[in-house]
Amino acid sequence: QVQLVESGGGLVQAGGSLRLSCTASGIIVSIYNMAWHRQAPGKQRELVATITRGGNVVYTDSVKGRFTISRDNAKNTVYLQMNSLELEDTAVYSCYAENALSKRGYWGQGTQVTVSS
């Protein structure tokens with residue numbers, strides 16, 4: 001029943017921009033804590049950005065000033081705007097939703113972002 005459908009990944013040159021989208025069904029994103037994670041080849045999954053149900057946002061240090069997480073309640077969608085992309089940003093990016101009370105969580109399918117020189 002619950003699905004997080006991601007889109008917006010692709011190939012981009014260093015210095016360029018992409019916007020990732022995560023559209024949810026079966027849950028209402030406005031009452032969930034939402035996050036973007038990424039996993040590069042040979043590395044552990046990393047928490048990139050979080051937006052809480054109250055609207056607070058947190059970023060990992062390596063993306064501060066370049067990435068922006070946001071929510072559109074009317075579209076039941078969470079976005080990750082990625083600017084000034086670097087080679088090290090290459091990874092599979094996954095959307096995650098967590099119920100703040102029950103701690104039940106859901107993962108999206110992941111979308112590939114590849115940054116080229």
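Note that the numbering runs from 1 along the sequence shown for the chain. Not measured: the values here are computed from a predicted model.
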Worksheet entry | Pair Trp36 + Tyr93: ring centers closer than 6.0 Å | no
Response to the item:
d(Ser94 OG, Gln39 CD) to nearest 0.5 Å is 8.0 Å
Practice prompt. Verify the cluster assignment for Leu85 and Val63: are they in a single hydrophobic cluster under the rule of side-chain heavy atoms below 4.5 Å apart?
Written response: yes
Discussion item. Quick check against the 3.5 Å criterion: does Tyr59 have a side-chain atom that pairs as donor or acceptor with the backbone of Ile69?
Written reply: yes
Item to complete: Applying side chain to side chain contact (heavy atoms under 4.5 Å, CB included), run through Arg53 and Met34 and close with a yes or a no.
Response: CA-CA 8 Å; Arg53 60 183 297 183; Met34 305 294 298; over 6 Å; no
Practice prompt. For Arg71 and Thr52, indicate whether the former's side chain and the latter's backbone hold a donor-acceptor pair under 3.5 Å.
Written response: yes
Discussion item. Testing the basics here: between Ala91 and Arg38, what is the closest heavy-atom pair and its distance to 0.1 Å?
Written reply: CB-CB, 3.8 Å
Worksheet item: Quick one: OG on Ser25 to OH on Tyr106, what's the gap to the nearest 0.5 Å?
Response: 11.0 Å
Worksheet entry | Side-chain donor-acceptor pair present, Ser17, Asn83, cut-off under 3.5 Å | yes
Practice prompt. Look at atom CD of Gln3 and say whether more than 12 heavy atoms of other residues, nucleotides or ligands are closer to it than 6.0 Å.
Written response: no
Worksheet, complete the sentence: Heavy-atom nearest pair, Thr77 first then Ser21, reads CG2-CB, 4.3 Å
Worksheet item: Side-chain heavy atoms under 4.5 angstrom apart, residues restricted to Ile, Leu, Val, Met, Phe, Trp, Tyr: same cluster for Tyr96 and Leu80?
Response: no
Practice prompt. Verify, without hydrogens or angle tests, whether Asn99 (side chain) and Arg104 (backbone) share a donor-acceptor contact under 3.5 angstrom.
Written response: no
Worksheet item: To the nearest 0.5 Å, how far apart are CE in Met82 and CZ in Arg19?
Response: 11.5 Å
Discussion item. So Glu98 and Lys103, do their side chains get closer than 4.5 Å, heavy atoms only?
Written reply: yes
Discussion item. Using modelled atom types and a 3.5 Å cut-off, is there a donor and acceptor pairing between side-chain atoms of Asn73 and backbone atoms of Asn76?
Written reply: no
Discussion item. If I compare all heavy atoms of Thr50 with all of Ala35, which pair ends up nearest, and what's the gap?
Written reply: OG1-CB, 3.8 Å
Item to complete: Would you sort out whether Thr60 and Leu47 count as a side chain to side chain contact (heavy atoms under 4.5 Å, CB included), showing the intermediate values?
Response: CA-CA 7 Å; Thr60 191; Leu47 176 61; over 6 Å; no
Worksheet item: With a cut-off of 6.0 Å (strictly less than), are more than 12 heavy atoms of other residues, nucleotides or ligands near CD of Glu88?
Response: no
Worksheet item: Can you tell me how far OG1 of Thr68 sits from CD1 of Ile51, rounded to the nearest 0.5 angstrom?
Response: 10.5 Å
Discussion item. To check you understand the geometry: which heavy-atom pair defines the closest contact between Gln109 and Val5, and what is its length?
Written reply: OE1-CA, 3.7 Å
Worksheet item: Does the side chain to side chain contact (heavy atoms under 4.5 Å, CB included) test come out yes or no for Leu18 and Gln81, once each step is laid out?
Response: CA-CA 6 Å; Leu18 286 174; Gln81 178 68 46; over 6 Å; no
Discussion item. Tell me if a side-chain donor or acceptor on Thr90 pairs with a main-chain N or O of Val115 at a distance below 3.5 Å.
Written reply: yes
Item to complete: Might you confirm whether atom CG of Leu101 has over 12 heavy atoms from other residues, nucleotides or ligands at distances under 6.0 Å?
Response: no
Discussion item. I'd like to know if Leu87 and Val92 are part of one continuous hydrophobic network [Ile/Leu/Val/Met/Phe/Trp/Tyr, side-chain heavy atoms within less than 4.5 Å].
Written reply: no
Practice prompt. Begin with the C-alpha distance, continue with both residues' side-chain angles, and end with the deciding distance and a verdict on side chain to side chain contact (heavy atoms under 4.5 Å, CB included) for Leu20 and Thr111.
Written response: CA-CA 8 Å; Leu20 306 183; Thr111 185; 4.1 Å; yes
Discussion item. How close do Leu4 and Ala97 get, counting heavy atoms only, and between which atoms?
Written reply: CD1-N, 3.9 Å
Worksheet item: Is the side chain of Ser30 donor-acceptor paired with the backbone N or O of Ile28 at a distance under 3.5 Å, no angle test?
Response: no
Worksheet entry | Contact check, side chains of Ser62 and Glu86, non-hydrogen atoms, under 4.5 Å | no
Worksheet item: Linking I/L/V/M/F/W/Y whenever any side-chain heavy atoms sit under 4.5 Å apart, do Val12 and Val48 land together?
Response: yes
Worksheet entry | Distance, nearest 0.5 Å, that separates SG of Cys22 from CH2 of Trp107 | 11.0 Å
Worksheet entry | Glu6 (side chain) donor-acceptor with Cys95 (main chain) under 3.5 angstrom | yes
